[in-house]
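Structure first, commentary second.
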Amino acid sequence: MISTSLSHLAGVLGGRLVLRRDDTPDTTVSGPVDTDSRLIERGGIFVAKPGETTDGHLFVGTAIERGAVLAIVERELAEEVSQVVVDDVIEALAALARDNVARVRAAGALKIVGITGSNGKTTTKNMLARILEDEGPTVAPRASFNNEVGAPLTMLRVEDDTRFLVSEFGASAPGAIARLAGLVTPDIGVVLMVGMAHAGGFGGIESTFHAKSELVTATREGGLAVLNADDPRVAAMEPIARQRGQDVRWFGRGERAVVRALDVEVTASGTRADLVVDGQAHTLTLRVLGEHHVMNALAAIAAATALGVSAADAIARVETLEIAERWRMQPMGSDRVRIINDAYNASPDSMSAALRTLAQITGPDERTVAVLGAMSELGEYADEEHDRVGLLAVRLRIQRIVVIGPEARRMYLEAIAQGSWDGEAVFFADADAAYDYLSTELRDGDRVLVKSSNSAGLRHLGDRLGELFA
């Protein structure tokens, strides 16, 4: 965060300033901001966020011990640290983030890119950040900091010399992206796809379309919308962009795209594609596994070249990424037994893409093994979508289908119904039981995908298997 006085900060938050020690209203603070007392650094600002199971106010003392010089709280505490008392710390966090970015932006150098989509946000964010960091100081979310807490915390890492802010915007409900993107009004809005992820929370695919289109609406007038030409719902956001005076830059595999992938080849070591960027031919060789990541790379390249980066430089920098993010198509194990740990998140679209990748990278003398857990936040669509994944696994001829957890059982039942009844499909109630099975079942030449939503916890099973067969 850039330097600000306590009085200015209290005014921005609409809070009451409580001074401690030798502080005065003119005392300045500029340390990092966090809601986790364990991560507070010396000179930092602690936001005492109430949680579902605990209350950040209980940890103000710990934050002080770690060097906090200010606490943002909802009730005055006796702790020996200056405080700003507000009605709602989450709203205060957002207000502080808005002010921080606005003051840096006023200097004229900061450019802001917002990214959303049902799948691929984190990978695209990492790819774009990797491209831009060689151009100048770049701030991007850690992991998937894309919600009402994570997005403002990322914005508060912007400093006076920051040249690029890459923000990732997730949504748990309609209006969430509008609120988060509205804090910074991006210069460029990137929409990757509209799929079934979180469809249960939105009430269906059309509601998901409206939620994702909020980013285009929140992107500044006269800015740029980077849209997926291959997704009809994303393409349907073009009129929204035009109404706001935004240019549209298309990416995809169809002829409409100005950043376009032609032939794509997927192997166990990565993905190769022929590209055309603004009429010029290029070759892309990704180390990141999966054909679907080519689309993420196209989106990142489209945004970066709009910001003045040459296509050749953008491509070369993306090619240096070895993994999209931990637990996202992360290769583990060894050449003997290769584990692909992709169990941080899952939706029907990403589950299908991961299964197709498993089939594509497995040689004729190797065996495909899919270790699958539940996809969360699908609501009334959960049964149907889990059935579809079980069916797809059989159609792709996955040779071992290991389904874990009662919420995912429909995948197993569908696989059985489709003919995988002679030991090809098995079901386990929990990850420990599955580990015991896999530790003896896996053999040389196996290529193993571990895929589920974060809530299913299979990412830790993937780690255990990766260590076992390292």
Side-chain angles (χ1 to χ4, degrees), residues 35 49 51-52 90-91 93-94 97-98 112-129 139-157 165-186 188-205 207-219 226-228 231 233-234 237 292 295-296 299-300 303 324-328 342-351 353 375-379 452-456 459:
T35 58
K49 180 178 73 71
E52 294 181 2
I90 299 302
E91 291 183 3
L93 183 66
R98 179 191 295 111
I112 301 171
V113 182
I115 300 171
T116 195
S118 297
N119 299 110
K121 295 183 293 296
T122 299
T123 300
T124 305
K125 170 263 298 183
N126 287 341
M127 288 177 167
L128 181 56
V139 170
R142 302 183 180 98
S144 292
F145 271 35
N146 61 22
N147 61 12
E148 63 180 0
V149 174
L153 287 178
T154 299
M155 297 168 190
L156 285 164
R157 288 170 44 217
L165 168 63
V166 181
S167 285
E168 174 185 342
F169 299 122
S172 56
I177 293 174
R179 288 192 298 273
L180 294 176
L183 298 178
V184 294
T185 314
I188 298 176
V190 180
V191 185
L192 302 170
M193 65 177 298
V194 176
M196 289 298 295
H198 314 298
F202 291 123
I205 194 73
S207 295
T208 304
F209 160 80
H210 290 296
K212 300 304 180 184
S213 68
E214 291 171 10
L215 177 57
V216 180
T217 302
T219 297
V226 175
L227 303 180
N228 182 349
D231 186 320
R233 291 185 176 87
V234 176
M237 297 177 191
H292 52 295
M295 290 295 286
N296 299 329
E325 182 81 50
R326 188 181 181 191
W327 299 317
R328 286 180 168 85
D342 193 29
Y344 188 85
N345 211 346
S347 68
D349 296 304
S350 69
M351 188 74 81
M375 301 176 288
S376 62
E377 300 183 53
L378 292 176
S452 74
S453 285
N454 193 19
S455 59
R459 64 195 185 281

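Positions are given from 1 along the sequence.
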Inter-residue atom distance Lys125.NZ - Leu192.CG, 0.5 Å rounding:
12.5 Å

Considering non-hydrogen atoms only, spot the tightest contact between Gly114 and Pro186 and give its length.
N-CB, 3.8 Å

Quick check: closest heavy atoms across Ala299 and Val226, and the distance to 0.1 Å?
O-CG1, 4.2 Å

Using modelled atom types and a 3.5 Å cut-off, is there a donor and acceptor pairing between side-chain atoms of Arg233 and backbone atoms of His210?
no

Nearest-0.5 Å distance that lies between atom CG in Asn345 and atom CE in Met351
10.0 Å

Heavy-atom closest pair (Ile188 atom, Ala303 atom, distance to 0.1 Å) is CD1-O, 4.0 Å

When you measure from the side chain of Thr123 to the backbone N and O of Gly120, does any donor-acceptor pair fall under 3.5 Å?
no

Checking side-chain contact (heavy atoms from CB on, under 4.5 Å) for the pair Leu93/Leu156: CA distance, chi angles, key distance, verdict?
CA-CA 9 Å; Leu93 183 66; Leu156 285 164; 3.7 Å; yes

Can you check side-chain contact (heavy atoms from CB on, under 4.5 Å) on Thr154 and Leu165, steps first, answer last?
CA-CA 9 Å; Thr154 299; Leu165 168 63; 4.2 Å; yes

Does the pair Val149 and Ile90 meet the rule for a side-chain contact (heavy atoms from CB on, under 4.5 Å), with working shown?
CA-CA 7 Å; Val149 174; Ile90 299 302; 3.8 Å; yes

So how far is it from Glu91 CD to Glu148 CD, rounded to the nearest 0.5 Å?
9.5 Å

Measuring from atom OG1 of Thr116 to atom CD of Glu168, what distance do you get when rounded to the nearest 0.5 angstrom?
8.0 Å

Ala97 versus Met155, closest heavy-atom pair with distance:
CB-CB, 3.8 Å

Got a second to check how far Ile177's CD1 is from Thr217's OG1, nearest 0.5 Å?
10.5 Å

Where is the tightest heavy-atom contact between Pro152 and Asn147, given as atom of each residue plus distance?
CD-O, 3.5 Å

Using modelled atom types only, decide if a donor and an acceptor are shared between the side chain of Asn119 and the backbone of Met193 within a distance under 3.5 Å.
no

Between Leu180 and Asn146 the two heavy atoms that sit nearest each other are CD1-O, 3.5 Å

Residue set satisfying salt bridge (charged side-chain N to carboxylate O under 4.0 Å, His left out) with Arg98, at least two apart, ordered chain then number -> none

Rounded distance (nearest 0.5 Å) linking atom CG of Asn296 with atom CG of Leu128
11.5 Å

Leu378 side chain reached by Pro348 side chain, heavy atoms, under 4.5 Å
yes

Using atom types as modelled and distance alone, determine if a side-chain donor or acceptor of Ser453 lies under 3.5 Å from a backbone N or O of Ala346.
yes

How far apart are the C-alpha atoms of Phe169 and Lys121, what are their side-chain angles, what is the distance that settles it, and do they pass the side-chain contact (heavy atoms from CB on, under 4.5 Å) test?
CA-CA 8 Å; Phe169 299 122; Lys121 295 183 293 296; 5.9 Å; no

